[in-house]
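By convention here, the first residue in the shown sequence is residue 1. In each ligand, atom 1 is the first atom listed, and ligand 1 is the first ligand listed.
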Amino acid sequence: MSLSWGQLSGQLVENSLKKRIPFIGEFELTPRCNLHCKMCYVCQDSSNKKIMKEERTAKEWIRLAYEARDAGMLFLLLTGGEVFLRTDFKNIYEELSKMGLFITLFTNGTMITPEIASWLGRIAPSQVEITLYGASSETYGRVCGNPDGFLRTMRGLKLLLDQSINVQIKTTIIKENMEDYDRLVEIADSFGLNLGVVNYVAPRRDGNRHSPIQERLSPIELATFEEKVSMKEFTEQTNLLSDKLSELQSDTILSHSKDIAKYKKQQDLLIKDYYTDNFPCNSGKNSFWVTWDGKMVPCTFMDSPATYPFEKGFQTAWEELKKSCNLVPVCTTCQECSLNEYCQSCPATLRMETGSFTEPAPYLCKLAQERQMNADKYMKYGGIFNEGICETNI
Ligand code: SF4
Ligand code: SF4
Ligand code: SF4
């Protein structure tokens with residue numbers, strides 16, 4: 001029996017979850033960025049000398065990647081800040097790409113030149129994800145402090161697509177760019193791409209909570225925005241589905257119904273298993289994040305629990321992280337909350353919002369209430385964006 005890549009990777013992910021293998025890694029190579037987005041939770045000035053000194057060297061990242069690969073890592077995300085600000089990025093990427101890993105790059109796209117695109121085209125990553133912060137120079141000026149960013153991002157996007165690189169685009173919606181959403185969808189359509197949406201804007205990870213929170217949508221604004229987007233997607237998907245169904249013979253569908261039921265049951269069991277854990281995701285189970293200054297943490301939004309892979313070696317740090325994740329306390333109020341199907345609460349979001357793993361977060365509570373009201377109103381699924389929370393707002 002042959003397997004498709006989707007089936008094979010699904011089985012590998014499932015296996016790594018069961019065996020707690022560090023299958024998915026994320027390296028945050030720098031916090032420095034040439035943009036200064038108002039909602040960014042990590043960025044530092046591009047020429048900050050102190051930060052540059054504290055960043056881990058290319059040699060250290062490459063050695064860590066070898067150790068992680070030997071421990072089971074197959075998928076690796078390289079992110080920042082802006083990765084192309086590192087003068088040694090080419091060296092890092094070329095070495096990592098020889099290791100047989102599936103690499104994804106997150107970038108703001110502004111630093112992609114014809115030379116960089118053609119270099120990347122020769123050793124293409126599995127995927128490049130570019131975030132669009134607005135649909136005009138004016139919005140880039142307001143959101144990122146750099147009006148040139150818009151045209152430079154558009155240029156970067158085209159250059160990568162010209163090299164046939166697999167590019168995905170997404171946006172982070174805040175007050176300053178909310179009005180651009182429809183235009184962003186049109187831009188995505190013009191490239192034949194879908195537009196992903198990161199809907200959760202976290203406080204800064206370094207504890208400076210002011211800026212990103214001030215810029216993000218209020219719970220009512222966010223729930224209303226989600227409603228608008230989900231109605232649009234819902235209509236499109238329903239139309240697509242009814243087109244597909246009308247093409248199929250009903251006996252063909254019936255012949256697969258048993259398999260579908262079996263698969264669904266397996267999936268439900270798996271999901272139930274994840275959700276009874278203290279992390280409702282694969283953080284600390286088969287995935288890890290390494291911060292620019294060398295801490296291994298469960299995910300991008302967490303600064304604790306942390307272990308130290310550059311000092312202790314990858315395997316020891318991973319073993320310690322897994323143990324520490326098991327000790328992260330569960331918020332009992334959230335566990336028993338009737339709204340949790342509408343809520344993005346998890347150890348990371350609670351900690352970012354309240355400073356504690358066990359305190360319900362007022363912002364999330366209000367958002368969940370708004371989503372439930374909308375869901376009741378339209379009698380349809382309200383948590384359509386929940387999977388978006390694990391996207392970084394990079
Ligand atoms: S959100 Fe991304 S592009 Fe914007 S400042 Fe932060 S790292 Fe840079
Ligand atoms: S954060 Fe609030 S709404 Fe969300 S699960 Fe916890 S108590 Fe419920
Ligand atoms: S934000 Fe929460 S759900 Fe997402 S990866 Fe982090 S811990 Fe998991």
### Query
Which atoms from ligand 1 have a heavy atom of C43 less than 4.0 Å away?
5 (S), 6 (Fe)
### Side-chain (Q163) to main-chain (I165) donor-acceptor, under 3.5 angstrom
no
### Message
Around atom CG of D88, are there more than 12 heavy atoms from other residues, nucleotides or ligands closer than 6.0 Å?
### Response
yes
### Task
Could you list which atoms of ligand 2 come closer than 4.0 Å to a heavy atom of P360?
7 (S)
### Summary
Nearest non-hydrogen protein atom to atom 6 (Fe) of ligand 2, with distance, is C334 SG, 2.3 Å
#### Entry: Proximal ligand 3 atoms for S283, defined as those under 4.0 Å from one of its heavy atoms
5 (S), 8 (Fe)
### Task
Return yes if some donor-acceptor pair links the side-chain N/O of R204 with the main-chain N/O of C43 below 3.5 Å, else return no.
yes
### Query
Which one holds for C343 and ligand 2: side chain close, backbone close, both close, or neither close, with close meaning a heavy atom under 4.0 Å?
side chain
### Query
Can P298 be said to touch ligand 3, with heavy atoms closer than 4.0 Å?
no
### Residue and atom name of the nearest protein heavy atom (relative to atom 8 (Fe) of ligand 2), distance in Å to one decimal
C337 SG, 2.4 Å
### Query
If you count the non-hydrogen atoms of other residues, nucleotides and ligands that lie under 6.0 Å from CD in E54, is the total more than 12?
yes
## Note on the structure
Note: ligand 3 atoms sitting under 4.0 Å from heavy atoms of F301 are 1 (S)
### For C299, atoms of ligand 3 separated by under 4.0 Å from a heavy atom
1 (S), 5 (S), 6 (Fe), 7 (S)
### Query
Passes side chain to side chain donor-acceptor pair (under 3.5 Å), N34 versus N108? Steps please.
CA-CA 9 Å; N34 58 331; N108 62 34; 3.1 Å; yes
### Query
Which atoms of ligand 1 have any heavy atom of C33 under 4.0 Å away?
3 (S), 5 (S), 7 (S), 8 (Fe)
### Query
Which atoms of ligand 3 have any heavy atom of C281 under 4.0 Å away?
3 (S), 5 (S), 7 (S), 8 (Fe)
### Query
For R351, does its backbone N or O pair with a side-chain atom of T354 as donor and acceptor, under 3.5 Å?
no
### Message
I'd like to know if the side chain of T171 and the backbone of I173 have a donor-acceptor N/O pair within less than 3.5 Å.
### Response
no
### Side-chain (N166) to main-chain (V128) donor-acceptor, under 3.5 angstrom
no
## Note on the structure
Under 4.0 Å from one or more heavy atoms of Y133, ligand 1 contributes atoms 1 (S), 2 (Fe), 3 (S), 4 (Fe)
### Message
Tell me if a side-chain donor or acceptor on D180 pairs with a main-chain N or O of A135 at a distance below 3.5 Å.
### Response
yes
#### Entry: Where ligand 1 meets L35 - atom numbers and elements under 4.0 angstrom, heavy-atom basis
3 (S), 5 (S)
## Note on the structure
For N108, the ligand 1 atoms with a heavy-atom partner under 4.0 Å come out as 3 (S)
### Message
Under a 4.0 angstrom heavy-atom cut-off, which atoms of ligand 1 come close to C37?
### Response
1 (S), 3 (S), 4 (Fe), 5 (S)
### Message
With heavy-atom distances below 4.0 Å as the criterion, list the atoms of ligand 3 near A348.
### Response
1 (S), 2 (Fe), 6 (Fe), 7 (S)
### Query
Hey, is there an N, O or S on C365 sitting under 2.8 Å from atom 2 (Fe) of ligand 2?
yes
### Summary
Note: ligand 1 atoms sitting under 4.0 Å from heavy atoms of G81 are 7 (S)
### Task
Give the atoms of ligand 1, by number and element, whose distance to some non-hydrogen atom of C40 is under 4.0 Å.
1 (S), 5 (S), 6 (Fe), 7 (S)
#### Entry: Any donor-acceptor N/O pair, E28 side chain to W292 backbone, under 3.5 Å
yes
### Query
So Y41 and F301, ring-ring contact (aromatic ring centres under 6.0 Å, His included) or not? Walk me through it.
CA-CA 9 Å; Y41 68 94; F301 292 136; 5.4 Å; yes
### Message
Between Q7 and S4 (side chain of the first, backbone of the second, donor and acceptor by atom type, cut-off under 3.5 Å), is there such a pair?
### Response
yes
